[in-house]
**Q** 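I'd like to ask you about the structure that follows.
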Amino acid sequence: MDFGSFETLTIETSDGVATITINRPEALNALSQKVVEELARVCEVLNNVGGSGLANDPAGAATDDGAWQVRGVILTGAGGKAFVAGADIREMTAMNLDEGEFYARSMHTITLALEALPVPVIACVDGYALGGGCELALAADFIYASERAQFGQPEVNLGLVPGFGGSVRLQQRVGLGVARELIYTGRRIDAHEAHRLGLVNRVLPTREELLAAAAETIREIATKAPTAVALAKRSINEATGRPTAEGLDAEARAFRAAFSTEDMREGTDAFVNKRQAVFPGR
Ligand code: DAK
């Protein structure tokens, strides 16, 4: 899988795990326009995982060999001090209204693109995840954190409000009351409080253990049917925030699509015949 070259990101793929590292440690990995543009490019490439058309129709996945060479994505920040310390405040002060809107829309596109990827994304937060950084982490499927992680939506300190989806996704993750308190106070919380609130799935002592735990989870997911995982992700995202009946409708459509996959035939046949399933990924 060819990602091209980047100024502000590094991408490594190993054993089905693609690790995207935002690499601007001198600015605590703040989301400059360049970072946003490069993240958009990576998402475009990753959207082809599983074969052409998979993201839109897992049941019609292409059959090319190695189509599922990436089974999950780790999103993290370089330098050990920050995941992402937010929007790039310096750049932002120079933006006019149109540029500000373009910046916000580009970031929205990225968070939606991460949610639309046919494989799970785990944000590995080691250090600060503030403002746009917390919002970027919230666009991942779930978050693992190191002991030194700190989360917050400090926009009110700058006379701003969350602009990259925090008003929507934070309340979905932690509930309305907690989201309101975090956004109105701009308060920072540590990894354990974030875990207690349901913002973070797991807390690991060190960066190495954090990344290893996320890779291990992706390898566990990689033993499952790729089309089923993709469809489950899609139906969960489609159901989020919708009335129950609409969520159930999304689930029923995903179930129907799963029924038309070879993965489903293989998985159910393997169970009935008491053998290990070998999923073709289509
Ligand atoms: N942007 C740019 N540079 C940043 C930065 C940021 N968000 N955060 C840190 N840096 C830079 C610092 O300026 C410093 O650079 P030098 O002075 O060395 O050149 C370097 O990173 C190291 O930072 P510090 O010296 O401040 O490090 P400390 O350990 O003392 O403090 C800190 C770490 C994370 C507590 C502190 O840096 C901090 O408070 N940073 C800002 C955190 C923050 O407020 N983040 C939220 C940003 S607001 C919009 C849509 C969305 C948004 C806005 C608009 N539209 C609709 C247009 C989103 C807004 C946000 O995310």
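Just so we're clear, the structure is a prediction, and the values are computed from it rather than from any experiment. In listed order, ligands and their atoms are each counted from 1.
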**Q** What is the minimum heavy-atom distance between Ala87 and Met92, and which atoms define it?
**A** CB-SD, 3.8 Å

**Q** Can Glu262 and Arg265 be counted as an ion pair, charged N to O under 4.0 angstrom?
**A** no

**Q** Closest approach of Ala213 and Arg202, non-hydrogen atoms and distance?
**A** CB-NH1, 3.9 Å

**Q** Hey, what do you get for CD1 (Ile218) to CG (Asp15), rounding to the nearest 0.5 Å?
**A** 10.5 Å

**Q** What does the list of residues with a heavy atom under 4.0 Å from ligand 1 look like, ordered by chain and number?
**A** Glu26, Ala27, Leu28, Ala30, Lys81, Ala85, Gly86, Ala87, Asp88, Ile89, Arg90, Met92, Gly100, Ala104, Tyr128, Leu130, Gly131, Gly132, Pro154, Glu155, Leu158, Gly163, Phe164, Arg188

**Q** Backbone N or O of Leu210 within a donor-acceptor pair of the Ser146 side chain at under 3.5 Å?
**A** no

**Q** Between Arg187 and Glu193, does at least one N-O distance fall below 4.0 Å, as a salt bridge requires?
**A** no

